[in-house]
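Structure first, then comments.
Read the numbers this way: they start at 1 and go in the same order the structure lists the ligands and their atoms. Quick caveat: nothing in here was measured; it's all calculated off a predicted structure.
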Amino acid sequence: MTGQKQPRRVRLLGLAESSEAYELRDFLQRSVVAFDWIELHGDADCQRELGLPQLANARLPVVELPDGTRLEAPTLHALADRLGWVTQPRLKEYDVSIYGAGPAGLSAAVYAASEGLRAVVIEKHAIGGQAGSSSLIENYMGFPGGISGAELCERGRQQAVGFGVEILMMREGVKAEFKNGKIIADLADGSTMTARANICATGVEWRRLGLSNEARYLGRGLYYGAGMSEAPLCRDEQVFIVGGANSAGQAAMYLAEYAAKVLLLVRGPTFKGTMSSYLYDRILTHPKIDVQFNTEVTDLQGDNALARIGLTDVNSKVTKWIEASRLFVCIGGLPNTEWAKDTPIVRDASGFLITGPDLLEHGLMPQYWPLKRQPYHLETSVPGSFAVGDVRAGSVKRLATAVGEGGMAVTFVHKHLQEAI
Ligand SMILES: Cc1cc2nc3c(=O)[nH]c(=O)nc-3n(C[C@H](O)[C@H](O)[C@H](O)COP(=O)(O)OP(=O)(O)OC[C@H]3O[C@@H](n4cnc5c(N)ncnc54)[C@H](O)[C@@H]3O)c2cc1C
């Protein structure tokens, strides 16, 4: 490009050990917003970058938008709002409301809107869900060179919006009521959402280590997930990853591109049965990645930020301390189904939503099921309310199945709406 001014990128400025800055970095990265992270170390940096004489008086982190707007210590909601992503629903009632804009929800949105349904997606955080934190997805059909999860989901978002779906960001479904054949959901911001059918695609949230002082280090050396936004900051460091499944394996491969050394801590004795073989073959031969099996992280220490971790051998129970300033926890997820707690929707012991044939008791329809027909394959115990992707009990926790189920649920939504006429 000649003679044309390059558009300025978003600038994010803050302190190294700030969990608020981490939260903003993670959100921008997942949302595929190009940005520069500028770490401030003292008054001179503050004067040069922000024109403020003293670091102590600056309200950090600061986000500077390409139009020159400066947001001081913004919440994620304030940032999303300023980027124009927080909108009001256009309709009073929709044909289908879809909760969650991960791969399953976005796929449902694309099919619903392209087939003429008045569809709305409600997303509590960033577009892309778990997939948004994946650096490179290599087993999704159609992308032989792999694709980053955030980019794939951003394409899905554009496609869904192109077909006319409404996406309401930074909104969370917290309670649901089923009345007169409609679902009326309470959202966390106090508003309500009414639809004739709904698809729950709320996925799972990272499982915590369960250590008493974990929250203290979150964003200050301790991260849940693959650390997409943090990887470039790990140059020449040794980093630690907990987990033995694909998400931990991908995180190891990705972080190894930047870090000097990656130590993967695995509780089990092997990767077999938990990680895809193509991935563990690469990990076990990677010059920068070491694997320690039979190991659990049992303690965390540090003042302002994580400095040491306690590693316990699961067989001998002996604990060793090791210096560690970055620990990425990738140990699976828990379902986001609190909203279903006081509804007739049946969940399994772990909170996943039970659907279709799994609702039958000894081959017979359960007593609480009100219709003559059996529940459709992805239908919960409430007619017209569907569950897809990782939140569904017994689902295969994979991108392709989440996408497939999202599209398939729309077929059942049509059938349900036909019945309701
Ligand atoms: C790091 C990583 C790497 C992975 N790599 C692969 C891979 O290579 N191949 C593969 O096949 N699979 C992979 N997976 C698994 C795959 O990403 C998941 O199976 C897939 O994302 C599940 O999609 P989902 O839409 O069901 O749920 P999620 O992706 O979990 O999305 C759920 C969405 O719902 C939102 N939400 C939750 N509660 C609410 C609420 N109450 N109201 C509104 N919104 C809500 C969340 O914010 C989130 O955006 C990976 C997962 C991770 C974490």
Side-chain angles (χ1 to χ4, degrees), residues 26-27 30-31 76 97-109 120-141 143 146-150 152-153 156-157 167-176 185-189 193 198-207 223-228 231 241 243 245-255 275-276 278-279 328-341 351-353 378 386-393 395-407 409:
D26 181 56
F27 184 71
R30 284 166 181 265
S31 306
L76 291 187
S97 52
I98 300 162
Y99 290 81
L106 288 171
S107 164
V120 63
V121 178
I122 294 102
E123 168 55 53
K124 72 170 178 177
H125 186 56
I127 299 285
Q130 295 166 76
S133 71
S134 170
S135 51
L136 191 66
I137 294 174
E138 294 186 76
N139 56 2
Y140 189 59
M141 197 205 68
F143 294 91
I147 183 166
S148 95
L152 180 72
C153 292
R157 183 197 68 80
I167 301 186
L168 303 178
M169 296 270 302
M170 310 310 280
R171 285 203 172 77
E172 180 180 3
V174 289
K175 207 167 161 223
D186 289 348
L187 306 188
D189 63 3
M193 169 60 60
N198 87 293
I199 297 175
C200 176
T202 51
V204 297
E205 231 151 64
W206 286 109
R207 197 184 292 273
Y223 310 92
Y224 299 107
M228 283 278 286
I241 300 168
N246 277 0
S247 56
Q250 278 185 12
M253 293 297 294
Y254 183 60
L255 287 163
M275 194 185 288
S276 302
Y278 81 89
L279 197 51
F328 297 90
V329 180
C330 305
I331 54 173
L334 296 168
N336 290 307
T337 57
E338 269 308 285
W339 62 271
K341 204 172 58 190
F352 290 91
L353 305 184
L378 302 169
F386 299 87
V388 294
D390 281 14
V391 75
R392 197 174 70 77
S395 72
V396 178
K397 310 297 185 237
R398 285 279 193 272
L399 181 69
T401 35
V403 168
E405 289 186 7

Please check if a non-hydrogen protein atom sits closer than 4.0 Å to atom 50 (C) of ligand 1.
no
Which bit of Arg398 is near ligand 1, meaning a heavy atom under 4.0 Å away: side chain, backbone, both or neither?
both
Can you name the atoms of ligand 1, numbered from 1 with element, that are less than 4.0 Å from a heavy atom of Gly102?
25 (O), 31 (O), 33 (C)
Does ligand 1 come near enough to Asn139 that some N or O of the ligand is less than 3.5 Å from an N or O of the residue?
yes
Could you see which bit of Glu205 sits under 4.0 Å from ligand 1, with heavy atoms only: side chain, backbone, both or neither?
neither
Heavy-atom contacts with Gly389 under 4.0 Å: which atoms of ligand 1 show up? List them by number with element.
26 (O)
Which residue supplies the protein heavy atom nearest to atom 25 (O) of ligand 1, what is that atom called, and how far is it?
Ala104 N, 2.9 Å
Closest to atom 20 (C) of ligand 1 among Gly333, Ser135, Ala340, Pro103 (heavy-atom distance)
Pro103
Can you confirm whether some protein heavy atom lies under 4.0 Å from atom 27 (O) of ligand 1, or whether none does?
yes
Contact partition for Asn336 relative to ligand 1, non-hydrogen atoms under 4.0 Å:
side chain
Taking atom NZ as the centre, does Lys175 end up with more than 12 heavy-atom neighbours from other residues, nucleotides or ligands that are less than 6.0 angstrom away?
no
Can you confirm, on distance only, whether ligand 1 has an N/O atom lying under 3.5 Å from any N/O atom belonging to Trp339?
no
Atom 15 (C) of ligand 1 sits nearest the protein heavy atom Lys397 O, 4.1 Å
Could you find the nearest protein heavy atom to atom 8 (O) of ligand 1 and give me its residue, atom name and distance?
Gln250 NE2, 2.5 Å
Could you give the distance from CZ (Phe352) to CG (Leu334), rounded to the nearest 0.5 Å?
7.0 Å
Near Ala201, which atoms of ligand 1 are under 4.0 Å from a heavy atom of that residue?
32 (C), 33 (C), 34 (O)
Going by the order shown, which atoms of ligand 1 are within less than 4.0 Å of some heavy atom of Gly100?
33 (C), 34 (O), 35 (C), 44 (N)
Give the atom numbers and elements of ligand 1 that come within less than 4.0 Å of a heavy atom of Glu172.
40 (C), 41 (N), 42 (N)
Would Lys124 and Glu205 pass as an ion pair if we require N to O under 4.0 Å?
yes
Among non-hydrogen protein atoms, atom 13 (C) of ligand 1 lies closest to Leu399 N, 4.5 Å
Select one of side chain, backbone, both or neither to describe which atoms of Tyr254 lie under 4.0 Å from any atom of ligand 1, heavy atoms only.
neither
Just which atoms of ligand 1 are under 4.0 Å from any heavy atom in Arg171?
43 (C)
List the steps and the verdict of side chain to side chain contact (heavy atoms under 4.5 Å, CB included) for Leu279 and Gln250.
CA-CA 8 Å; Leu279 197 51; Gln250 278 185 12; 4.2 Å; yes
Among all the protein's non-hydrogen atoms, which is closest to atom 52 (C) of ligand 1, and how far away is it?
Ser247 CB, 3.8 Å
Looking only at protein heavy atoms, which one is nearest to atom 18 (C) of ligand 1, and how far off is it?
Asp390 OD2, 3.4 Å
Which atoms of ligand 1 have any heavy atom of Ala126 under 4.0 Å away?
49 (O)
Residue of the set Asn198, Val120, Asn336, Val391 for which side-chain contact (heavy atoms from CB on, under 4.5 Å) holds with Tyr99:
Asn198
N or O contact, Ala226 vs ligand 1, cut-off under 3.5 Å
no
Counting each atom of ligand 1 from 1 as listed, which ones have a heavy atom of Val204 under 4.0 Å away?
30 (O)
Nearest heavy-atom contact between Gly389 and Ala104 is CA-CB, 4.1 Å
Give the contacting part of Ala402 toward ligand 1: side chain, backbone, both or neither, where contact means a heavy-atom distance below 4.0 Å.
side chain
Determine, step by step, whether Gln130 and Leu399 satisfy the side chain to side chain contact (heavy atoms under 4.5 Å, CB included) criterion, reporting the C-alpha distance in whole Å, the side-chain angles of both residues, the deciding distance to 0.1 Å, and the verdict.
CA-CA 9 Å; Gln130 295 166 76; Leu399 181 69; over 6 Å; no
Within-cut-off N or O pair, Glu138 and ligand 1, under 3.5 Å:
no
Trp206: heavy atom below 4.0 Å from ligand 1, yes or no?
yes
Where the closest heavy atom to atom 42 (N) of ligand 1 is concerned, which of Gly173, Gly105, Cys153 has it?
Gly173
Return a yes/no value for Tyr99: is any of its N or O atoms, backbone included, closer than 3.5 angstrom to an N or O of ligand 1?
no
What do you reckon, does Ser133 have a nitrogen or oxygen under 3.5 Å from a nitrogen or oxygen of ligand 1?
no
Evaluate Arg157 against Val121 for side chain to side chain contact (heavy atoms under 4.5 Å, CB included), listing each step before the verdict.
CA-CA 10 Å; Arg157 183 197 68 80; Val121 178; over 6 Å; no
